[in-house]
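Working notes, beginning with the structure itself.
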Amino acid sequence: MKASKTSSARSSRAKAPATNGTTASIELPPWVREPKRLLINGKWVDAASGETFATLDPSTGETLCHVPAGDKQDIDKAVAAARAAFESGPWRTMTSSERGRAIWRLADLLEQHIDEFATLESLDNGKPRAVARVADVPLAIDLFRYMAGWATKLHGSTFPISVPYAPGARFFSYTQREPIGVVGQIIPWNFPLLMAAWKLGPALATGCTVVLKPAEQTPLSALRLGELIQQAGIPDGVVNIVTGLGETAGAALAGHPGVDKIAFTGSTEVGKLIVKAAAHDLKKVSLELGGKSPNIILPDADLETAIPGAASAIFFNHGQCCCAGSRLYVHTKHFDTVVEGVAAAAKKIKVGPGMSADTEMGPLVSEEQLNRVMGLLKSGQAEGAKPLAGGARHGKSGYFVQPTILVNTQPGMRVMEEEIFGPVVCAVPYTDEQEVIQAANNNIYGLAAAVWTSNLSKAHQIASAIRAGTVWVNCYNIFDAALPFGGYKQSGWGREMGAEALELYTETKSVCIRL
Ligand code: NAP
Ligand code: MG
């Protein structure tokens, strides 16, 4: 997308097709109509270039509002502010208890604005508002509360040491954990607020300072969160928010010499660019990337839970989940029953604008994603895959895709190998357990997997054999702030959430004192 000069004619109403097929206007929250600025050093400022870009309602393609197109100049300023806040601001001298309380206040403020954030997520991303209200926003609140508690618990250890070349000498040795410094955080559009929380929570708990770049498609909730960050009393410069494009603002941040660590969530392709950009000064890097997660139904599974579970594993968030259960392996004994069940579930899903109360699945986030998913569907069908449900675009306006289940897929087809990031599952029959484990692992990704079985031993054996960062058993898409999440293989480096995330935001210092 290309940035353009600010248009004075900002759209104040977005048109969205109503569920009966007519077009209704949605009254936008007043905040959406206010001018948007970057948050740098506690001040709301325009991009240095004066450029902006539009953020769209994906159910119509119409403009919601414009946000600043920050670029290298703005990133330079934001990094300088984060550096000053890290080196000499009150954040540095605050007690860990005060820091934890500030993060907790942010969670409380988010909770007070839960409805507003659900609306922003729905408008900007397209997801059903009702889903954002019960999943995205509460998970973000929980994450901040969980991380607030960690602020006071980041301690080191003491060590009895025996130094062979210093006979008779005595030492007192300990470690302490220190914040890594200035962190650049680049996030995607599939869970805009939650991804901001996953990134900001551990950075704030450990005492780091941040420059956050939201995705160009979904900048709104991060900007609104910036206002709450200020209200929570988090000092100026600790969190800087620069909206902008990946190729300009994102690349400037990833390669910036003033940044100590980059935390990225997005495509594996861009993840590799981040690593290259960070390599010249060996910044620390953590990456949460793509997936092609296997979902395995064993012959002894309870189909009453496995069938809706398999449907929800792929159709939740319109398939725009890095951990979407996009390869469904079903024992031949149940293959027909399961694929018919998932196809029936797909056909029943109410597709519509996220802001309509009865919508169960909204549009994809952008025209680019629509074209990408449609291209993959076309390629799959050209190679012989057969849709039992869906397989086409839904409607003529907005970026909707029909919930789709493909059969007759073969290893090597693009739909079987690539992350589709849309509501498309490939169902594959199997007979042998070792064969299915091998097939499940035979992919460049290793983010998540699931197994459905009533045999406890099998559940543990398969969980252990699967090379993925998360394995769900008889459930899918269960997330908690305490549970680490991240990938094996090309699904990433490091973990989000849990105590593991904090490791990636701290350095360990060993101190050794001769007594
Ligand atoms: P993407 O390009 O990887 O975007 C993720 C973030 O990286 C965005 O903030 C993006 O900015 C930024 N970015 C892009 N190029 C950059 C660069 N050269 N240097 C630094 N930052 C850069 O993902 P996408 O294009 O939105 O989606 C493409 C595919 O990625 C999807 O189809 C899906 O397969 C995958 N994806 C995965 C996840 C996940 O959670 N793992 C999330 C989203 C997408 P812009 O917003 O300006 O692009
Ligand atoms: Mg992109």
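Every number for a ligand or one of its atoms is a count from 1 in the order of the listing. Numbers here are sequence positions counted from 1.
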Ligand 1 to Ile186, heavy atom cutoff 4.0 Å, flagged ligand atoms 6 (C), 7 (O), 9 (O), 12 (C), 20 (C), 21 (N)
| said: Within the 3.5 Å criterion, strictly below it, is a donor on Asp76 or His256 matched to an acceptor on the partner's side chain? | reply: yes
*asked:* Against the six-membered ring of Tyr505, is Lys261 placed for a cation-pi contact (under 6.0 Å from the centre, within 45° of the normal)?
replied: yes
N/O separation below 3.5 Å, Phe264 to ligand 1 = no
Under 6.0 Å from the ring centre and within 45 degrees of the ring axis: does the NZ or CZ of Lys36 meet both conditions for the six-membered ring of Trp31?
yes
* To do: Report yes if the distance between the aromatic ring centroids of Trp189 and Phe421 is under 6.0 Å, otherwise no.
  => yes
Under 4.0 Å from one or more heavy atoms of Pro188, ligand 1 contributes atoms 42 (C), 43 (C)
**Message:** Please report whether the ring centroid of Trp198 lies less than 6.0 Å from that of Phe191.
**Reply:** no
Counting heavy atoms under 4.0 Å, the part of Glu269 that contacts ligand 1 is neither
Original post:
Going by heavy atoms, is Gln217 under 4.0 Å from ligand 1?
Top reply: yes
Quick look: Ala254 vs ligand 1, heavy-atom contacts under 4.0 Å, and the answer is neither
Is it the case that the side chains of Lys199 and Thr265 hold a donor-acceptor pair, with the cut-off being a distance below 3.5 Å and no angle test? yes
| said: Between Arg129 and Thr119, is there a side-chain donor-acceptor contact under 3.5 Å, judged purely by atom types and distance? | reply: yes
Notebook entry, point to check: So, the side chain of Asp124 versus the backbone of Glu121: is there a donor-acceptor pair under 3.5 Å, distance only?
Noted result: no
Geometric N/O contact Glu419 with ligand 1, under 3.5 angstrom: yes
Counting from 1 in the order shown, the ligand 1 atoms closer than 4.0 Å to a non-hydrogen atom of Leu273 are 18 (N)
Filtering Phe191, Trp189, Phe421, Phe53 for the heavy atom nearest atom 36 (N) of ligand 1 leaves Phe421
Per-atom filter on ligand 1: closer than 4.0 angstrom to a heavy atom of Arg372 are 32 (O), 34 (O)
Honestly, for Leu289 the part within reach of ligand 1 (heavy atoms, under 4.0 Å) is backbone
Heavy-atom proximity to atom 10 (C) of ligand 1 ranks first, among Glu368, Glu216, Lys213, for Lys213
Ligand 1 atoms nearer than 4.0 angstrom to some heavy atom of Gly250 are 19 (N), 20 (C), 21 (N)
- Message: Between Lys72 and Thr248, is there a side-chain donor-acceptor contact under 3.5 Å, judged purely by atom types and distance?
- Response: no
A student checking ligand 1 against Ile187 at a 4.0 Å heavy-atom cut-off should list atoms 6 (C), 8 (C), 9 (O)
Ligand 1 to Ala215, heavy atom cutoff 4.0 Å, flagged ligand atoms 9 (O), 46 (O)
query = Is the Phe264 to Trp493 ring centre distance short of 6.0 Å?
reply = no
So for Gln369 against ligand 1, with non-hydrogen atoms under 4.0 Å, the contacting part is side chain
Within 4.0 Å of some non-hydrogen atom of Cys322, the atoms of ligand 1 are 39 (C), 40 (O), 41 (N)
Flag, side chain of Thr209 to backbone of Ala82, donor-acceptor distance under 3.5 Å:
yes
